[in-house]
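Beneath this line is the structure, given in structure tokens, with notes to follow.
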Amino acid sequence: MSPRTILITGANTGIGLATAQGLSGPDVHLILACRNLDRAQVAKDQLLARCPAMQVDLVHLDLSSLDAIDAAVDCCRTQFDRIDVLINNAGVMPSSWETSADGFELSFAVNYLGTAHWTWGLLPLLNGSQAFPRIVNVSSMMHRLGLRDFATMARPDHYRPWRAYGTAKLALILFTYELARRRPDLRVNALHPGGVSTDITDYPGWLRRWLRTPEAGATTSIYLASSAEVQDTTGAYFVDCKPRRSARCTYDAALCTKLWEQTAEWCHRPQQRRGVQQTA
């Protein structure tokens with residue numbers, strides 16, 4: 001058997017790096033997709049120091065730009081013949097209103113829209129997996145604070161970091177459920193990693209003492225990516241390696257489909273409005 005190929009976004013620090021460390025092994029091929037390649041190289045060196053026999057590759061990925069995502073997808077299709085596990089871990093939480101290269105609110109652009117566009121682009125490589133390929137989407141319990149009016153999203157004069165972040169993470173869960181419905185040959189699940197002390201935002205010192213370490217936060221991602229217990233599970237939301245109910249609105253099939261179609265329009269992907277069975 002050839003090494004299991006696992007691609008992790010945002011794997012140069014925090015939960016992503018801890019996930020990569022937890023999945024490391026001589027029978028694993030890790031692909032670290034990161035915006036900062038210098039920090040990614042440091043992470044790669046750390047991983048190889050732990051497991052010299054493991055293959056580790058780097059891909060430059062900027063989820064705030066649809067064009068940059070297309071370039072990263074092309075790079076992956078050129079370099080790799082398949083992906084067995086895709087872990088969408090990268091995220092941001094801007095403290096003030098910012099927009100992406102394509103004009104979307106930045107938290108929504110990176111945490112949801114770019115991630116959806118990226119996942120769609122990698123489906124041909126996931127189709128090449130030797131078994132049921134897995135997609136693991138790192139969401140958050142903050143999705144319960146999210147707004148359902150995705151077309152409007154946040155406005156600059158009413159921007160709240162946690163609300164914008166929750167809206168993006170809500171969208172990611174809806175996308176997870178819709179992709180699982182449309183592609184029963186995939187294993188697509190979402191998770192809440194817990195409150196984790198990372199660099200995603202400037203937590204006050206007193207709060208950081210109560211937060212989880214990145215290693216603890218990575219536990220459920222590692223579980224969904226590797227455990228035989230969930231090899232037949234798809235379209236679910238997990239907390240602490242256990243299935244949990246997400247917000248009530250996430251089970252609204254019409255809302256899932258509406259967001260899917262709107263996302264395809266935002267990303268200029270008309271083929272996705274017809275479905276995702278294509279292989280190219």
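What you see is a predicted model, and the numbers here were worked out from it, not measured in a lab. Nothing fancy with the numbering, it's 1 onward along the sequence.
- A donor-acceptor contact shorter than 3.5 Å is absent between the side chain of Arg187 and the backbone of Phe132.
- Listed for the Asp62 side chain is no donor-acceptor partner under 3.5 Å among the backbone atoms of Arg35.
- With Arg244 contributing its side chain and Cys241 its backbone, the two residues share no donor-acceptor pair below 3.5 Å.
- In this structure, Tyr223 is a member of the same hydrophobic cluster as Leu30, with clusters built from ILVMFWY side-chain heavy atoms closer than 4.5 Å.
- Follow the hydrophobic side-chain contacts under 4.5 Å out from Leu191 and you never reach Met141; the two are in separate clusters.
- Of all heavy-atom pairs spanning Arg82 and Pro3, the tightest one is NH2-O, 2.6 Å.
- Counting only residues at least two apart or on different chains, the side-chain hydrogen bond (donor to acceptor under 3.5 Å, both in side chains) pairs with a member in residues 231-243 are Arg212-Asp240.
- Heavy-atom minimum distance, Val138 versus Ser221: CG2-OG, 3.7 Å.
- Connection of Leu172 to Leu61 is established within a shared hydrophobic cluster, with ILVMFWY side chains joined at heavy-atom distances below 4.5 Å, either directly or through further cluster members.
- Exactly one of Leu7, Leu66, Asp70, Leu113 qualifies for a side chain to side chain contact (heavy atoms under 4.5 Å, CB included) with Trp118. That residue is Leu7.
- Residues Ser65 and Ala101 come closest through the heavy atom pair CB-CB, 4.0 Å.
- A side-chain hydrogen bond (donor to acceptor under 3.5 Å, both in side chains) with Asn88 holds for exactly one of Thr115, Thr119, Asn111; it is Thr119.
- Leu32 CG to Asn12 CG: the interatomic distance, rounded to the nearest 0.5 Å, is 8.0 Å.
- Under a 3.5 Å cut-off, the side chain of His143 and the backbone N or O of Ala247 do form a donor-acceptor pair.
- A side-chain donor-acceptor contact under 3.5 Å links Thr219 to the backbone of Ala216.
- Aromatic pair Tyr112/Trp266: centroids not less than 6.0 angstrom apart.
- Proximity of a side-chain donor or acceptor of Ser139 to a complementary backbone N or O of Lys169 within less than 3.5 Å is detected.
- Closest heavy-atom contact between Ala109 and Phe104: CB-CB, 4.0 Å.
- Across all their heavy atoms, Leu23 and Ile222 have their closest contact at CD2-CG2, 3.8 Å.
- For Ala43 against Ala11, the heavy-atom pair with the smallest separation is CB-O, 4.0 Å.
- Transitive grouping of hydrophobic side chains (ILVMFWY, heavy atoms separated by less than 4.5 Å) keeps Ile173 and Val230 in distinct clusters.
- Criterion: ILVMFWY side-chain heavy atoms under 4.5 Å apart, direct or through other members. Under it, Ile69 and Leu123 are part of a common hydrophobic cluster.
- For Arg77 (side chain) and Gly121 (main-chain N/O), a donor-acceptor pair under 3.5 Å exists by modelled atom type.
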